[in-house]
Amino acid sequence: MPELPEVETTVRGLSQVLRGRRIARIEARRPNLRRPLPIDLGQRLTGANVIALRRRAKYGIIDTDRGDSLVFHLGMSGRWRIDPAQVEKHDHLLLDTDEGRRLALNDPRRFGSLDLLRTDELARWNGFEALGPEPLEITADELKQRLAGRTAPIKLLLLDQRIIAGLGNIYVCEALFRAGIDPRREGGSISLVRLKRLAGAIRDVLVEAIAVGGSTLRDFASPDGELGYFSKSFAVYGREGQLCACGGRVKRLVQGGRSTFYCPRCQR
DNA sequence: AGATATTCCTGGAGGC
DNA sequence: TGCCTCCAGGAATATC
């Protein structure tokens, strides 16, 4: 499931194929993902030159020299296939470059999205305007301020993209474990000292995941390039009942309808 | 306003 | 080539 590190890895991989290239052809193979696709996709992107690729939270952004930006979200099952040998089921968008290379946006569950916006209006787009700070940049002071007065469990607040933008279920669980914070703890009641550990833990876990994801970048160049999803052994995520490094057992609970994995002995 | 529930969708896992 | 149910995930939307 693509979270921030996977999106970052994806953007870096797409950049190798797209940056500085002209878009020769665009084909939308269905009218919608989670939302309707932009109707003027082909008209506005065909013939445009890609000048930059970036990431904001879990969104990837492709900027063109016409002042347009294609914004993609991978949802939970989305990935870009690079130079696919053939079009496959769930390839919803095809993009060909002037070099004859092809990108296919594949998303079986269609939780992802594609939007085409004016680059200078991105900050005011409703998908972006309410987003909180980037997890790689947020400070303990900012966290303290944004959590102030909030009574919901810290786990749920960290998933709220308005408070901090880009964390998903996996890395919230992992960051709270590293910071030694109980996921049920009331967000507004966590001390600055502990938030410093949390800010550091968030940064560390993401940086490590991006570094590992980066090692799969070469997959982008392979003919049937599968996007190498970050896969490593998590400390707690998906490990219910297994032993924690401390000797305790990882527990699972449900918060806001989503699974939380944590170690009751390490997290207080 | 904040908290909570529901909705979208498919494929994989596990039970029988 | 078995069928069924459940579950996973992010974010928009609805409801209290």
Side-chain angles (χ1 to χ4, degrees), chain A residues 1-11 28-38 55-61 71-81 88-93 104-115 117 122 124-135 145-175 183-190 202 206 209 213 226-227 229-231 234 236-242 250 252-262:
Chain A
M1 51 302 288
E3 289 201 24
L4 186 152
E6 289 77 18
V7 178
E8 178 65 32
T9 301
T10 295
V11 164
R29 306 190 71 248
R30 58 171 298 123
N32 64 297
L33 293 177
R34 86 178 269 98
R35 291 192 290 275
L37 263 46
R55 177 191 60 74
R56 170 74 172 111
K58 284 176 272 192
Y59 293 90
I61 306 171
V71 179
F72 66 85
H73 194 295
L74 297 175
M76 89 152 269
S77 60
R79 64 195 172 109
W80 283 95
R81 306 201 304 127
E88 286 180 7
K89 195 176 178 185
H90 307 307
D91 283 344
H92 305 312
L93 186 86
L105 178 63
N106 186 285
D107 185 3
R109 297 182 197 181
R110 306 207 300 272
F111 270 34
S113 61
L114 273 178
D115 292 280
L117 303 143
L122 272 184
R124 292 189 298 279
W125 178 49
N126 57 19
F128 280 175
E129 64 175 355
L131 288 183
E134 284 288 319
Q145 192 180 342
R146 303 179 84 80
L147 294 173
R150 301 297 295 258
T151 59
I154 183 64
K155 158 75 189 304
L156 293 180
L157 295 173
L158 291 177
L159 283 174
D160 186 336
Q161 304 296 298
R162 294 166 297 189
I163 292 176
I164 179 171
L167 293 180
N169 203 31
I170 294 174
Y171 294 106
V172 165
C173 290
E174 293 297 310
R184 297 166 295 187
R185 184 142 235 140
E186 207 174 86
S189 74
I190 301 174
I202 289 169
L206 293 177
E226 296 284 308
L227 169 59
Y229 286 133
F230 174 60
S231 61
F234 299 116
V236 286
Y237 186 82
R239 295 176 47 96
E240 180 183 16
Q242 296 181 36
V250 176
R252 184 182 82 95
L253 57 88
V254 176
Q255 295 177 287
R258 323 262 313 263
S259 288
T260 299
F261 299 90
Y262 73 112

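Chain naming here is simple, since letters A, B, ... match the order of the sequence lines and numbering starts at 1 in each.
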message = Looking at dA11(C), I'd like to know if its phosphate oxygens (OP1 or OP2) sit under 4.0 Å from a side-chain N or O belonging to Arg35(A).
response = no
query = If only side-chain N and O atoms of Thr151(A) are considered, is one of them under 4.0 Å from the OP1 or OP2 phosphate oxygen of dG2(B)?
reply = no
Taking atom [atom2] of [N] as reference, at what distance in whole Å does atom [atom1] of [X] sit?
X	N	atom1	atom2	value
Leu159(A)	dT4(B)	CG	C1'	14 Å
Gln161(A)	dA11(C)	CD	C1'	8 Å
Ile154(A)	dG2(B)	CD1	P	15 Å
Leu156(A)	dA11(C)	CG	P	14 Å
Leu157(A)	dA1(B)	CG	P	16 Å
Glu129(A)	dA11(C)	CD	C1'	15 Å
Met76(A)	dA12(C)	CE	C1'	18 Å
Trp125(A)	dA11(C)	CH2	C1'	11 Å

Ignoring hydrogens and geometry, is there a side-chain-to-backbone donor-acceptor pair from [X] to [Y] under 3.5 Å?
X	Y	value
Glu6(A)	Glu3(A)	yes
Asp91(A)	Ala104(A)	no
Glu8(A)	Lys58(A)	no
Arg30(A)	His90(A)	no
Arg185(A)	Ile154(A)	no
Asp115(A)	Pro38(A)	no

message = Any base atoms under 4.0 Å from Ser113(A), or only sugar-phosphate, or nothing? Heavy atoms, all strands.
response = nothing
Between N or O atoms, less than 3.5 Å apart, protein on one side and nucleotides 8-10 of chain B on the other: list the pairs.
{"from": "dC8(B)", "atom 1": "O2", "to": "Arg34(A)", "atom 2": "NH1", "distance (Å)": "3.3"}
{"from": "dC9(B)", "atom 1": "O4'", "to": "Arg109(A)", "atom 2": "O", "distance (Å)": "3.4"}
{"from": "dT10(B)", "atom 1": "OP1", "to": "Arg110(A)", "atom 2": "NH1", "distance (Å)": "3.1"}
{"from": "dT10(B)", "atom 1": "O2", "to": "Arg109(A)", "atom 2": "NE", "distance (Å)": "2.8"}

message = Under 4.0 Å between a side-chain nitrogen and a carboxylate oxygen: does that hold for Glu134(A) and Arg55(A)?
response = yes
inquiry  = Could you tell me if Lys155(A) and Asn169(A) have a donor-acceptor pair between their side chains, going purely by distance under 3.5 Å?
reply    = yes
message = A side-chain contact here means heavy atoms from C-beta on lying under 4.5 Å apart; do Phe261(A) and Phe234(A) qualify?
response = no
Between the protein and nucleotides 14-16 of chain C, list every N/O to N/O distance that falls short of 3.5 Å.
none

